[in-house]
Amino acid sequence: MIFDSQTPLKVSIAATLASLVLVLVVFELIRSRRLQERYALLWLLTGMVLVVLSAWRGGLNTIAAWLGVRGYPPAVLFAVGLLFVILVLLHYSTVISRLSDQNVVLAQRLALLEERLARARDDR
Amino acid sequence: MSAELRRIAVVPAFNEDKNIARVVAELKEHDPGIDVVVVSDGSIDRTYEVARAAGARVLRLPFNLGIGGAVQTGFRYAWENGYDLAVRCDGDGQHIPAELPKVIAPVVAGDADIAIGSRFVSGGGYRSSATRRVGIRLLALAVSAIARQRVTDATSGFQALNRRALELFAADYPHDYPEVEGMVMTIKHRLRLVEVPVDMREREHGRSSITALRSIYYMVKVLIALFVGLFRRTVVPLGEA
């Protein structure tokens with residue numbers, strides 16, 4: 001008979017603390033207006049999911065068993081964390097793409113305006 | 001040549017103060033009625049001053065956008081200032097102003113919405129490295145297959161556009177290597193595209209912006225763009241011509 005392995009208490013405490021720090025840092029960044037809410041949502045979600053999974057050992061053990069993770073349930077924490085980091089990065093790539101598109105339009109409009117200004121000055 | 005069409009040459013230039021004056025002068029020499037707008041793409045040399053002194057209008061981009069962004073600036077200028085025809089002619093001396101009448105002829109005659117100077121339609125005598133020729137041919141084949149229209153040179157930037165084509169490119173134009181995608185976009189928007197044989201030069205001053213590593217990036221980027229483009233709808237609604 002196979003016993004599903006359990007999450008060690010120390011690991012659970014350390015992971016919970018680390019996740020709480022993440023949530024608090026994100027919260028502080030929003031509070032001091034260094035991070036806009038729209039870009040903080042994914043981070044907050046990441047932090048809270050990790051807090052719950054870290055603190056709730058029974059839940060983590062059960063999910064690990066569902067996923068077929070036999071040896072070491074906290075591995076699920078890594079997987080979940082990694083998944084969210086990938087999501088955040090992908091989100092940022094779309095944000096950068098949009099910003100650079102907008103940047104191009106601004107540069108073009110500026111060039112068109114400057115030319116019009118130069119021509120108006122020449123005509124005077 | 002039909003004097004009633006308002007024509008403008010769009011000349012993208014990145015640090016071309018050695019070439020640009022001659023390009024501007026030759027364009028005006030071969031088509032006296034044409035206006036010339038140079039797009040200085042974040043140049044840090046005297047391109048702006050030299051081009052203005054040569055009698056061109058100059059759009060000065062505050063930083064380098066790459067060829068697509070630069071050319072689109074010129075197309076937007078042409079569109080917003082009511083030009084009937086715009087022809088792109090690169091400022092590095094590769095495109096020969098003497099060939100300009102050939103490139104604009106089909107658009108002037110109303111036979112095409114966009115006319116592209118091809119190095120490979122019989123009549124052109126372009127020499128280039130074998131690998132580059134193979135790459136250009138492969139892209140032409142890919143475009144031919146996607147567009148269901150035979151093209152021989154999908155990477156030529158020497159092209160003339162009427163207002164319909166200008167409307168499309170002013171609204172939506174690929175950023176860094178625009179020719180291949182631009183070709184597919186025109187055909188997907190049911191614009192009439194023709195190729196005309198032209199001769200092109202090798203560069204005289206400076207180095208081409210396409211080096212070995214970049215050409216790999218170029219092929220990969222363009223192929224991804226083509227493939228993804230297959231799943232994209234035509235986005236720009238064009239007015240009736």
Side-chain angles (χ1 to χ4, degrees), chain A residues 25-26 29-30 32-47 49-50 67 78-124, chain B residues 8-14 35-43 47-49 51-83 86 166 169-178 221 224-225 228 232 235:
Chain A
V25 168
V26 173
L29 287 174
I30 301 173
S32 57
R33 301 188 191 285
R34 278 182 287 169
L35 182 59
Q36 287 181 28
E37 289 83 351
R38 57 193 295 194
Y39 301 118
L41 278 178
L42 259 174
W43 280 123
L44 277 179
L45 192 61
T46 308
V49 168
L50 286 179
L67 294 177
F78 287 99
V80 171
L82 192 64
L83 181 73
F84 273 97
V85 167
I86 288 171
L87 281 179
V88 169
L89 286 177
L90 205 54
H91 178 226
Y92 283 175
S93 298
T94 68
V95 171
I96 290 170
S97 298
R98 195 183 65 227
L99 284 176
S100 83
D101 279 348
Q102 291 170 340
N103 219 17
V104 167
V105 174
L106 281 178
Q108 292 179 332
R109 292 249 70 94
L110 178 70
L112 292 168
L113 277 175
E114 272 192 348
E115 194 275 343
R116 195 188 288 179
L117 194 65
R119 223 179 334 150
R121 219 181 269 136
D122 291 346
D123 289 346
R124 220 172 34 201
Chain B
I8 188 167
V10 172
V11 184
F14 175 55
D35 289 330
V36 178
V37 63
V38 170
V39 186
S40 172
D41 190 12
S43 300
T47 298
Y48 178 77
E49 290 81 3
R52 281 202 63 149
R57 300 170 181 190
V58 188
L59 300 170
R60 186 163 42 168
L61 292 165
F63 42 82
N64 189 270
L65 294 185
I67 186 69
V71 168
Q72 189 188 29
T73 313
F75 288 162
R76 285 198 162 141
Y77 183 87
W79 170 254
E80 289 177 9
N81 289 282
Y83 284 94
L166 269 179
F169 284 166
D172 188 14
Y173 201 55
H175 284 172
D176 44 3
Y177 298 115
K221 189 251 163 189
I224 290 174
V228 175
R232 191 180 280 154
V235 284

**Q** Any pair with a residue in residues 62-75 of chain B that passes salt bridge (charged side-chain N to carboxylate O under 4.0 Å, His left out), sequence neighbours left out, goes on the list, sorted by first then second residue, please.
**A** none

**Q** How long is the gap from CZ on B/R57 to CZ on A/R119, to the nearest 0.5 Å?
**A** 4.5 Å

**Q** Just to verify, what does B/Q72 make a side chain to side chain contact (heavy atoms under 4.5 Å, CB included) with, not counting sequence neighbours?
**A** A/Q108, B/R76, B/Y173

**Q** Passes side chain to side chain contact (heavy atoms under 4.5 Å, CB included), A/D122 versus B/R52? Steps please.
**A** CA-CA 12 Å; A/D122 291 346; B/R52 281 202 63 149; 2.4 Å; yes

**Q** Would you please go through residues 79-87 of chain A and name the residues with a non-hydrogen atom below 4.5 Å from one of chain B, in numerical order?
**A** none

**Q** Taking everything shown except A/F78 itself, do over 12 heavy atoms lie less than 6.0 Å from its CZ?
**A** no

**Q** Around atom CZ of A/R33, are there more than 12 heavy atoms from other residues, nucleotides or ligands closer than 6.0 Å?
**A** no

**Q** Which atoms of A/L110 are under 4.5 Å from chain B, going by heavy atoms: the side chain, the backbone, both sets, or neither?
**A** side chain

**Q** Between B/L61 and chain A, with a heavy-atom cut-off of 4.5 Å, which part of the residue counts as in contact: side chain, backbone, both or neither?
**A** both

**Q** For A/L99, check side chain to side chain contact (heavy atoms under 4.5 Å, CB included) against everything at least two apart and list the hits.
**A** A/V95, A/Q102

**Q** Specify which of B/T73, B/L65, B/N81, B/V37 makes the most heavy-atom pairs with chain A at under 4.5 Å.
**A** B/T73

**Q** In this structure, are over 12 heavy atoms from other groups packed under 6.0 Å from B/W79 atom CH2?
**A** yes

